[in-house]
Amino acid sequence: MEIPNKAAEFPNPTYPPTYAGNQVPHGYPQYAPQIFQNAPEQANYAFQGYPAGAPYGPGVPPVQNQPSGTSGAAWMPAPPPTLNCSPGLEYLSQIDQILVHQQIELLEVLTGFETNNKYEIKNSLGQRVYFAAEENDCCTRNCCGPSRSFTIRIIDNMGQEVITLQRPLRCSACCCPCCLQELEVQAPPGTPVGYIKQNWHPCLPKFTIQNEAKIDVFKIIGPCVVCSCCEDINFEVKSMDESSVVGRISKQWSGFVREAFTDADNFGIQFPLDLDVKMKAVMIGACFLIDFMFFEQTGNKNQRAGVWQ
């Protein structure tokens, strides 16, 4: 099946604060089913080709464009460096769709002991673009649950850390609007390029995407009940006046077994091809924040944090 060209659906806007794109009609084409729907469970890949040291494990020489097979997906070929682009973000200049696959941790499934999350970040062809790993201590993971603070390090095919996500400990309940969620995106590490801040609303998950100067750029609006069966859950990325749809973050339905017994989720991220790579990186950060807030399993295992509370 031919993958629809999402870039054609978005105008060539001057992005916010002066974004003025046309409204994309409701129900615009979804991700290609053979790529996004019912994605097969991924093996628990080792950090092949990454430097030694936490959280990557034993180091071996970097491997570029690792061939596909039982050890994992092929790496996306490294594009040439781009002017005025942070090292590692040039991969994002060539894509308008991203797949985020969380790895299943066997120890977590069997014992209920919360482990650090690990994710593969792929393009629409299934090629691995980045690998992401949560860096956290045992006490924080198992005592604070989905509300925990974290650092997520995103590395490229050379094992270089290109994006760092930092989330402080915050209260998730909408009854406490003075302590809402936020996340900082750094690219390269140590250089903030954007922020995601939760907006208080009595019944809707709402967020604001900001640039490095903390100027509001986009809004993210989710459904009232972040819970469904046999269908995707969509968070729309819109212009600040909410008149234009700029992109989408979708939690993909993964099947009954995976949904019931694990907190390993699949996500799809959609954005204009010509969007600033920094904003694409921030949207990746927003995807991880949404995962932890609404789809990460709670500490007592009785329910998932999947309903806006």
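Computed from a predicted structure; not experimentally measured.
- In this structure the side chain of Ile163 never reaches within 4.5 angstrom of the side chain of Val193, judged on heavy atoms.
- A salt bridge links Arg153 and Glu135; the closest N-O separation between the charged side-chain nitrogens and carboxylate oxygens is under 4.0 Å.
- Two residues are said to be in side-chain contact when any heavy atoms from C-beta on lie closer than 4.5 Å; Asp96 and Gln270 fail this criterion.
- Checked against the 6.0 Å centroid threshold, Phe150 and Phe288 do not count as a close aromatic pair.
- In this structure, Glu236 does not pair ionically with Lys206, as no charged nitrogen and carboxylate oxygen lie closer than 4.0 Å.
- With Glu90 contributing its side chain and Gly88 its backbone, the two residues share a donor-acceptor pair below 3.5 Å.
- A donor-acceptor pair shorter than 3.5 Å can be found between the side chains of Asn234 and Ser250.
- Proximity of a side-chain donor or acceptor of Asn211 to a complementary backbone N or O of Lys214 within less than 3.5 Å is detected.
- In summary, the aromatic rings of Phe235 and Phe267 are positioned with their centroids too far apart to meet the 6.0 Å limit.
- Checking side-chain atoms of Gln127 against main-chain N and O of Met76 turns up no donor-acceptor pair under 3.5 Å.
- You'll find the side chain of Lys238 reaches within 4.5 Å of the side chain of Ile221, heavy atoms only.
- In terms of heavy-atom proximity, Glu161 sits nearest to Ile155 at CA-CG2, 3.7 Å.
- You'll find the side chain of Ser124 stays beyond 4.5 Å of the side chain of Leu99, heavy atoms only.
- Put simply, OG1 on Thr208 and CG on Asn199 are 3.5 Å apart, with the number rounded to the nearest 0.5 Å.
- Heavy-atom minimum distance, Asn266 versus His101: OD1-CD2, 3.3 Å.
- Between atom CD of residue Gln102 and atom NZ of residue Lys118 there is a gap of 10.0 Å, rounded to the nearest 0.5 Å.
- Smallest separation of non-hydrogen atoms from Val282 and Gly194: CG2-CA, 3.6 Å.
- Of the possible donor and acceptor atoms, one in the side chain of Glu134 sits under 3.5 Å from a partner among the backbone N and O of Asn117.
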Check your understanding: Going through the distances and angles, do Ile290 and Ile249 end up as a side chain to side chain contact (heavy atoms under 4.5 Å, CB included)?
Key -> CA-CA 9 Å; Ile290 288 171; Ile249 299 172; 4.2 Å; yes
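- Judged by distance alone, the side chain of Ser86 and the main-chain N or O of Ala187 form a donor-acceptor pair under 3.5 Å.
- The shortest distance between side-chain heavy atoms of Phe131 and Asn157 does not fall below 4.5 Å.
- Nearest heavy-atom pair across Pro79 and Gln94 is CB-NE2, 3.1 Å.
- Within the model, atoms CE of Met279 and CD of Gln210 stand 9.5 Å from one another, a figure rounded to the nearest 0.5 Å.
- A distance of 16.0 Å separates NZ of Lys122 from OH of Tyr130, quoted to the nearest 0.5 Å.
- Here the closest heavy-atom approach between residue Ala281 and residue Val185 is recorded as O-CG1, 4.0 Å.
- No donor-acceptor pair closer than 3.5 Å links the side chain of Asp291 to the backbone N or O of Phe294.
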Exercise for review: List the steps and the verdict of side chain to side chain contact (heavy atoms under 4.5 Å, CB included) for Ile233 and Phe295.
Suggested key: CA-CA 11 Å; Ile233 303 171; Phe295 305 107; 3.6 Å; yes
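- Listed here is the closest heavy atom pair of Leu169 and Arg148: CD1-CA, 4.0 Å.
- Looking only at side-chain heavy atoms (C-beta outward), Lys251 and Asp232 stay at 4.5 Å or farther from each other.
- Considering CG of Leu125 and CD of Gln97, their distance stands at 9.5 Å, rounded to 0.5 Å.
- The side-chain contact (heavy atoms from CB on, under 4.5 Å) check on Gln186 picks up Thr164, Gln166, Glu184, with sequence neighbours excluded.
- Contact check for Ile154 versus Ile121: side-chain heavy atoms found under the 4.5 Å cut-off.
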Practice item. Just do the side chain to side chain contact (heavy atoms under 4.5 Å, CB included) check on Leu275 and Leu92 with the steps written out, would you? Key: CA-CA 9 Å; Leu275 181 65; Leu92 300 178; over 6 Å; no
Practice item. Decide yes or no on side chain to side chain contact (heavy atoms under 4.5 Å, CB included) for Ile269 and Val100, but give the supporting numbers first. Key: CA-CA 8 Å; Ile269 308 175; Val100 180; 4.1 Å; yes
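- To the nearest 0.5 Å, atoms OH (Tyr91) and SG (Cys85) are separated by 11.0 Å.
- Looking at Lys219 and Glu242, a side-chain N of the basic residue comes within less than 4.0 Å of a carboxylate O on the acidic one, giving a salt bridge.
- Proximity of Leu183 to Tyr195: side-chain heavy atoms (C-beta onward) are nowhere separated by under 4.5 Å.
- Of the possible polar contacts, one joining the Lys280 side chain to the Leu273 backbone as a donor-acceptor pair under 3.5 Å is found.
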